[in-house]
Amino acid sequence: MKIAQRIQDLPTYVFAALGRRIQALRAEGVDIIRLDIGSPDMCPPPEVIDALEESARCPDSHGYAGFYGDPCFRQAIAAFYARRFGVTLDWEREVLALIGSKEGIHHVPTAFADPGNYVLVPDPGYPTYRMPALLAGARLYPLPLLRENAFLPDFGAIPAEVLAEARVLWLNYPHNPTSAVVGLDFLVEAVAFARRHDLLLAYDNPYSEVIWDGTQPPSVLQVPGAREVALEFNSLSKMVNMAGWRVGMAVGNPEAIAALARVKTNADTGIFQPIQRAAAVALALPEAWHAERNAVYARRRAVVTRALDRMNLWYAPYQATLYVWVEIPPVYGTSTDFAAALLEEAGVSVSPGSAFGAHGEGYVRISLVQPEERLEEALERWERWLMGRTLGRLLGGSDG
Ligand SMILES: Cc1ncc(COP(=O)(O)O)c(C=O)c1O
């Protein structure tokens, strides 16, 4: 057996590798507090589970569910976009059901970039924008998202020769990993840029409902003319705590939806019908359900930021997503060194910033996916551990 050349240099997905190490430590009896992966620890509400159960009991729910998504789910997506963003979607041509948004994101370079073309990706950014582009033979052009620029890309800094070969522009706000948010004015600029350079604007919006303190993230489709160039991805994973269910969506330009569907229909045969029926119920949940769930994240974030203030560590100030983006002073080594030592020595797992791109170096990401008491404990462990290291350094010892 020979492994294909195209995956020889492909790193293992960061959370897959980390998960294995955590499993090994837990097998040794170490109590690990996981603040790395963004998998919500809360549940969807009972009416969503009831819809799943009811549909699962129907004899006609168990066959292949159809390639593009159950009409009931796609109509619920269109209704959600109309209610939440004031965006009207033709559910038959402009909406595609996905097995989690990651599935659709994976297919984008295959559908839109030929070998040698550029895919423009946020750096730091969600890793799944990058690896599938390389698998498709495309080239990556990272867009640095700098703190001094509110984690927005500088479109003017992209070289003309890159733009001439670029096919896809990935953007994601509220942003993983920094939690940065944008207003419609930035999206107007992004749409104009994509139109000027004939790019697919792939806008990833899975945190649109994980918001508090008045944060109101827009959909890119609210921008006049966006539908000519944009596909937006969203997902039930974070929106309604359904990460394990694997259900999401792509919406927007009908030709782009058709191109994505052409790849997708050769790769899978639809989502289990009861999951789609339950997802339709989840998309219609009242505002109050989201507000209550988001209040939990806001309290958790306050627990974390109080501790970070005590440790005098800078963190990004946004009120959205499941993440807190924390600066790690260089004295503690690379973000990978820092995260590995925090895991091995204090039993707290965070994501190293470099896992999200070169411009993530110098930061780590904390996920707010543990109850408050557990977060308190994790941050106390972290604080004690940092004090120990600082003391060790002052006394002339090595801090590894
Ligand atoms: C920015 C971003 N996009 C997409 C996804 C994928 O979400 P899912 O495949 O669960 O819908 C994630 C998951 O963490 C994410 O952070």
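If you're wondering where the values come from, they're calculated on a predicted model, not measured in any experiment. Positions are given from 1 along the sequence. Both ligands and their constituent atoms are indexed starting at 1 by order of listing.
Here is the list of ligand 1 atoms found below 4.0 Å of a heavy atom in P206: 1 (C), 2 (C), 3 (N). Distances below 4.0 Å separate heavy atoms of S235 from the following atoms of ligand 1: 8 (P), 11 (O). Here is the list of ligand 1 atoms found below 4.0 Å of a heavy atom in G100: 9 (O), 11 (O). Atoms of ligand 1 lying under 4.0 Å from at least one heavy atom of D204, given by number and element, are 1 (C), 2 (C), 3 (N), 4 (C). In summary, the atoms of ligand 1 found under 4.0 Å from a heavy atom of K238, numbered by their order in the structure, are 13 (C), 14 (O).
In this structure, Y68 has its ring center at least 6.0 angstrom away from the ring center of W91. Proximity of the aromatic rings of Y323 and Y207 is defined here by a centroid distance below 6.0 angstrom, and this criterion is met.
Contacts between T128 and ligand 1 below 4.0 angstrom, taking non-hydrogen atoms only, are absent altogether. When non-hydrogen atoms are compared, ligand 1 lies under 4.0 Å from the side chain of Y129 (C-beta onward) but not from its backbone. Counting heavy atoms closer than 4.0 Å to ligand 1, residue S237 contributes side-chain atoms (C-beta onward) but none from N, CA, C or O.
The salt bridge (charged side-chain N to carboxylate O under 4.0 Å, His left out) contacts involving residues 273-283 comprise D70-R277, where partners must be two or more places apart or lie in separate chains.
At the shortest separation from atom 7 (O) of ligand 1 among protein heavy atoms lies S101 OG, 3.3 Å.
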Item to check | Criterion ring-ring contact (aromatic ring centres under 6.0 Å, His included) on W385 and F338, from CA distance to verdict | outcome: CA-CA 11 Å; W385 171 77; F338 183 91; 5.2 Å; yes
Checklist entry - salt bridge (Lys or Arg N to Asp or Glu O under 4.0 Å) between D31 and R374: does it pass, once the steps are laid out? => result CA-CA 11 Å; D31 173 34; R374 215 45 190 152; 2.6 Å; yes
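Not a single heavy atom of G248 sits closer than 4.0 Å to an atom of ligand 1. Remark: distances from the non-hydrogen atoms of R246 to ligand 1 include one below 4.0 Å. Not a single heavy atom of F233 sits closer than 4.0 Å to an atom of ligand 1.
Considering Y318, W314, Y363 in turn, Y363 is the only one that fulfils the ring-ring contact (aromatic ring centres under 6.0 Å, His included) rule with W325. Under the side chain to side chain contact (heavy atoms under 4.5 Å, CB included) rule, D36 has a single partner from P352, S367, S349, which is S349. For the side chain to side chain contact (heavy atoms under 4.5 Å, CB included) criterion with L89, the lone passing option out of R74, M249, E94, Q75 is E94.
A salt bridge is defined here as a Lys NZ or Arg NE, NH1 or NH2 lying under 4.0 Å from an Asp or Glu carboxylate O, and R34 with D41 fails to meet this definition. Salt bridge status for E344 with R21: present, with a side-chain N to carboxylate O gap under 4.0 Å.
Here's the thing with N176: one of its N/O atoms is less than 3.5 angstrom from an N/O atom of ligand 1. Residue N172 has no N or O atom closer than 3.5 Å to an N or O atom of ligand 1. In terms of N/O distances under 3.5 Å, ligand 1 is not approached by E103.
Distances from atom 6 (C) of ligand 1 to the heavy atoms of W170, Y173, W245, Y126 put Y126 nearest.
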